[in-house]
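Numbers here are sequence positions counted from 1. Note that the structure is a prediction, hence the values are computed from the model and not measured. Worth knowing before you read on, the calculation uses all heavy atoms, side chains too, and leaves out hydrogens, waters and symmetry mates.
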Amino acid sequence: MNAPRFVTPRFVTFEGVDGAGKSTHLEWFAQTLGTRSGHEVVVTREPGGTPLGEALRALVLHRPMDLETEALLMFAARRQHLVDVIGPALARGAWVVCDRFTDATVAYQGAGRGMPIARIEALRAWVHPALEPRLTLLFDLAPEIARQRLDATRDKDRFEREAQDFFVRVRTAYLRLADEEPARFVVLDGSGSIDHIREILEKTITSICL
Ligand code: TMP
């Protein structure tokens, strides 16, 4: 696949540390975006989004592995996702709302696990040289509150079992990305009420549908 070039792709991503609350809002956001824009909305996730991607997700979330293997599997799943789902959806004019994308690799494998950013950038340039989200909703939450939420989860995966300092690094990296690209990011306080977050999401939808 030649990477499609979209000047303003209808590509929105949700990001944040585990437990920050993005999943609570994603479906509502997608439905509201569909109603407001009148366009098809494809909701998907990473790692995952295709049968192969979901199989890779089960591996990276549950099997012990080397850090570089982990990053390569994230990008392998991403590549298949771009070819089978994201690329075709954008090409037919749909919005794509994706639960995590390459910012997660920068935050988790880069800042969290210590993989050199240059390697992640090389993989990004290889796998999706011409596609970035036009909007990223970053759910921000203090790691100690995220930890409490995660502790209530049974059957934690490899990431959810990480110590708090891992999530401190992940959160810091996300906030740095948001600082670097203020036109792309909207940072939401994950400890805010559902109504308050929806209010901000609604305004954001209005601005991207113009
Ligand atoms: P989720 O629970 O939000 O679906 O995400 C699954 C986990 O995968 C989450 O802990 C973050 C992690 N992840 C990475 O480490 N790197 C990535 O590139 C992606 C997409 C997810």
Side-chain angles (χ1 to χ4, degrees), residues 1-18 22-23 25-27 29-30 33-34 39-113 115-139 155-160 162 170 173-174 177 181 184:
M1 179 190 83
N2 286 325
R5 285 191 175 271
F6 298 100
V7 179
T8 53
R10 293 184 172 141
F11 185 33
V12 178
T13 55
F14 274 52
E15 297 282 359
V17 294
D18 293 84
K22 65 184 167 49
S23 309
H25 297 281
L26 200 132
E27 278 296 335
F29 177 90
L33 177 61
H39 289 283
E40 177 194 2
V41 179
V42 173
V43 178
T44 188
R45 69 170 179 180
E46 291 209 351
T50 65
L52 179 69
E54 292 295 328
L56 292 173
R57 177 186 177 94
L59 292 175
V60 286
L61 263 53
H62 298 290
R63 293 275 186 93
M65 65 182 68
D66 161 71
L67 160 60
E68 314 246 342
T69 308
E70 183 178 288
L72 288 165
L73 289 180
M74 293 293 180
F75 272 100
R78 186 160 297 140
R79 170 72 186 180
Q80 200 64 38
H81 197 200
L82 284 161
V83 172
D84 289 350
V85 177
I86 297 177
L90 294 175
R92 65 176 182 265
W95 285 94
V96 174
V97 178
C98 190
D99 191 345
R100 300 194 185 280
F101 196 60
T102 299
D103 293 323
T105 319
V106 172
Y108 280 78
Q109 281 66 52
R113 300 234 196 270
M115 184 167 176
I117 292 299
R119 294 212 175 146
I120 298 171
E121 291 307 325
L123 289 168
R124 183 209 300 271
W126 180 13
V127 170
H128 58 99
L131 179 67
E132 294 299 333
R134 74 180 278 173
L135 167 69
T136 297
L137 296 155
L138 174 59
F139 287 75
D155 302 328
K156 294 189 195 53
D157 64 39
R158 287 173 58 238
F159 295 100
E160 291 166 339
E162 284 293 338
V170 171
Y174 270 134
L177 288 171
E181 283 187 78
R184 170 160 74 92

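Within a 6.0 Å sphere centred on CZ of Arg63, heavy atoms belonging to other residues, nucleotides or ligands number 12 at most. Enclosure of atom CZ in Arg119 is not indicated, since only 12 or fewer non-hydrogen atoms of other residues, nucleotides or ligands lie within 6.0 angstrom.
Using a 4.5 Å heavy-atom threshold, the side chains of Leu123 and Ile120 count as separate. Side-chain atoms of Gln109 and Leu67, non-hydrogen and from C-beta on, do get closer than 4.5 Å to each other. When side chains are defined from C-beta on, Arg113 counts as touching Glu162, because their heavy atoms get closer than 4.5 Å. Asp84 is not listed as a side-chain neighbour of Pro51, based on a closest heavy-atom distance of 4.5 Å or more. Using a 4.5 Å heavy-atom threshold, the side chains of Leu137 and Val12 count as touching. Counting heavy atoms from C-beta outward, Thr44 and Val97 have side chains that stay 4.5 Å or more apart. Residues Pro47 and Leu56 form no side-chain contact, since every pair of their non-hydrogen atoms from C-beta on lies 4.5 Å or further apart. Residues Arg10 and Val96 are not in side-chain contact: their nearest non-hydrogen atoms beyond the backbone lie 4.5 Å or more apart.
The distance from the CZ atom of Arg100 to the OG atom of Ser23 is 8.0 Å, given to the nearest 0.5 Å. Distance check, rounded to the nearest 0.5 Å: CZ of Phe11 to CD1 of Ile86 gives 4.0 Å. Here Glu181 contributes atom CD and Thr136 contributes atom OG1; the two are 7.5 Å apart, rounded to the nearest 0.5 Å. Here Asp155 contributes atom CG and Leu61 contributes atom CG; the two are 12.0 Å apart, rounded to the nearest 0.5 Å. Note that CG of Leu138 is 7.5 Å distant from CD of Glu15, once rounded to the nearest 0.5 Å. Interatomic distance, CZ of Arg57 versus CE of Met74, reported as 8.5 Å (0.5 Å rounding).
The closest donor-acceptor contact from the side chain of Glu160 to the backbone of Asp157 lies under 3.5 Å. Remark: side-chain polar atoms of Arg184 are not paired, donor with acceptor, to backbone N or O of Glu132 under 3.5 angstrom. Judged purely by atom type and a 3.5 angstrom limit, Glu54 uses its side chain to pair as donor or acceptor with the backbone of Gly49.
Side-chain polar atoms of Tyr108 and Asp18 form a donor-acceptor pair below 3.5 angstrom.
When every heavy atom of Tyr174 is checked against every heavy atom of Asp103, the shortest pair comes out as CE2-O, 3.9 Å. Pairing each heavy atom of Cys98 with each of Glu46, the nearest pair is SG-CG, 3.9 Å. Counting all heavy atoms, side chain and backbone alike, Gly53 lies closest to Thr50 at N-OG1, 2.7 Å. Minimum interatomic distance between Ala94 and Val42 (heavy atoms only, all atoms of both residues): CB-CG2, 4.3 Å. Shown here for Glu27 and Val43, the closest heavy-atom pair between the two residues is OE2-CG1, 3.9 Å. Contact record, Ala111 with Ala173: CB-CB, 3.4 Å, taken as the closest heavy-atom pair.
Of the candidates His128, Glu121, Arg124, Thr102 forms a side-chain hydrogen bond (donor to acceptor under 3.5 Å, both in side chains) with just one, namely His128.
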Practice prompt. Decide side-chain contact (heavy atoms from CB on, under 4.5 Å) for Met115 and Glu70; before the verdict, give the C-alpha distance in whole Å, the side-chain angles of both, and the deciding distance to 0.1 Å.
Written response: CA-CA 10 Å; Met115 184 167 176; Glu70 183 178 288; over 6 Å; no

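Between Phe14 and His25, a ring centre-to-centre spacing not shorter than 6.0 Å is recorded.
Judged by the 6.0 Å and 45° rule, Arg78 forms a cation-pi pair with Phe101.
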